[in-house]
There are 2 protein chains.
Amino acid sequence: MLHLNRKTEYALLALEHMCLKEKEKARHINTREVAEIYHIPYPLLAKVMQELSRRGFLKSLYGVNGGYVLAKKASDITVADIAQIFEGPLAVAECFRDAKITCPQWNDCLIKDPFYELNRKLHELLVEMTIENLAMSNAS
Amino acid sequence: MLHLNRKTEYALLALEHMCLKEKEKARHINTREVAEIYHIPYPLLAKVMQELSRRGFLKSLYGVNGGYVLAKKASDITVADIAQIFEGPLAVAECFRDAKITCPQWNDCLIKDPFYELNRKLHELLVEMTIENLAMSNAS
DNA sequence: TCAATATAAGACTATAAAAGTCCTATATTA
DNA sequence: TAATATAGGACTTTTATAGTCTTATATTGA
Ligand code: SF4
Ligand code: SF4
């Protein structure tokens with residue numbers, strides 16, 4: 001239960017990899033390299049990278065020696081941001097996700113207030129997890 | 001993202017309802033009553049109640065005036081327990097769910113340690129949420 | 001110049017999980 | 001003994017996730 005999906009994981013792996021290797025290699029990092037190291041299906045990771053680029057988290061470069069670099073500081077990218085892109089808004093219950101309430105239980109719901117609190121706390125946890133923090137726990 | 005499923009919600013609604021109404025009504029509470037109040041499809045809620053009974057959270061009584069009563073103290077039933085029944089073990093990433101590691105990223109995974117911490121903290125939050133606590137926030 | 005390389009984008013398929021339905025059996029009571 | 005309520009299993013529908021395929025575009029370097 002409460003599973004994050006693979007695209008989110010692939011995105012976080014790629015971003016953290018770039019945070020750790022970017023300066024060391026002093027060049028763009030391409031999708032194939034990341035896919036091979038972490039055994040991620042290339043076409044799927046490519047989609048993920050494109051989405052990150054479209055959303056302004058990566059800057060892309062075409063052609064030979066092309067690839068991506070981080071477009072933001074690693075400390076300004078959170079797991080909450082990335083998960084939101086690939087899985088939509090954080091919502092322990094569906095009534096926190098949609099603006100319009102469609103849940104038939106809503107009027108008499110006994111759990112929505114405590115669940116809203118849970119949602120808030122969980123969001124805090126995800127915001128605390130920045131790419132920089134993730135990278136620090138794996139720095140050699 | 002990080003959605004709890006409907007069966008879990010239905011189970012929690014039913015349990016909390018029973019916690020609040022059990023003493024007041026001094027009798028068993030049946031599935032139809034709960035289904036009607038909260039607008040839950042009856043056959044689906046029936047399944048949920050049966051599962052809760054099988055797992056020892058409810059005691060059942062057949063026949064006319066039959067129904068269910070709580071088999072444990074409300075303070076001893078947590079959201080973690082109930083969600084576990086209907087959605088399996090808490091696992092932010094799949095490698096925390098299965099004993100045998102099948103994830104191709106595992107060896108080089110840069111995120112599993114921080115994710116494990118997240119998983120632990122999230123579990124704490126769910127264990128703190130007992131049926132009694134839920135009921136208190138809705139007591140009139 | 002042109003072949004190789006790498007990103008960009010959209011359509012498509014397959015698989016799995018969630019949600020809901022249907023049917024039949026069994027125990028209890030008024 | 002008819003009505004009521006739990007028990008259990010099979011089944012269908014719907015939705016979300018995961019992965020694939022194809023084509024187009026920009027850049028580089030030989
Ligand atoms: S109103 Fe209650 S039952 Fe409906 S989605 Fe929100 S928390 Fe769940
Ligand atoms: S090893 Fe890493 S990528 Fe694989 S499931 Fe665990 S956290 Fe996710």
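All chains are named by letter (A, B, ...) in the order of the sequence lines, taking the proteins before the strands, and each is independently numbered beginning at 1.
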Checklist outcome for this item: Per-nucleotide protein contact along nucleotides 14-30 of chain C, 5' to 3', at a 4.0 Å heavy-atom cut-off (B base, S sugar-phosphate only, - neither), is -----SBB----BBBBS
Kindly say if [X] contacts the phosphate of [N], meaning a side-chain N or O under 4.0 Å from OP1 or OP2.
| X | N | value |
| --- | --- | --- |
| A:Arg54 | C:dA9 | yes |
| B:Ser53 | D:dT6 | no |
| A:Thr31 | C:dT7 | yes |

Item to check | For B:Trp106 against B:Lys112, the heavy-atom pair lying closest together | outcome: O-NZ, 3.0 Å
Checklist outcome for this item: Here the pair of heavy atoms bringing B:Thr78 nearest to B:Leu126 is CB-O, 3.9 Å
Write down the distance between [atom1] ([X]) and [atom2] ([N]), rounded to a whole number of angstrom.
| X | N | atom1 | atom2 | answer |
| --- | --- | --- | --- | --- |
| A:Ile40 | D:dT20 | CD1 | C1' | 16 Å |
| B:Gln50 | D:dG9 | CD | P | 10 Å |
| B:Glu51 | D:dG9 | CD | C1' | 13 Å |
| A:Leu45 | C:dA6 | CG | P | 14 Å |
| B:Arg32 | D:dT4 | CZ | C1' | 9 Å |
| B:Tyr68 | D:dT4 | OH | P | 17 Å |
| A:Leu52 | C:dT7 | CG | C1' | 13 Å |

Checklist entry - Can any side-chain N or O of A:Glu132 pair as donor or acceptor with the backbone N or O of A:Ala74 at less than 3.5 Å? => result no
Next on the checklist: Counting C-beta onward and ignoring hydrogens, is there a side-chain heavy-atom pair between B:Val34 and B:Tyr68 closer than 4.5 Å?
Outcome noted: no
Checklist entry - Tell me, which pairs form a side-chain hydrogen bond (donor to acceptor under 3.5 Å, both in side chains) where one or both residues lie in residues 83-95 of chain B, sequence neighbours left out? => result B:Thr8-B:Glu87
Item to check | Partner residues of A:Arg55 under the side chain to side chain donor-acceptor pair (under 3.5 Å) criterion, sequence neighbours left out | outcome: A:Glu51
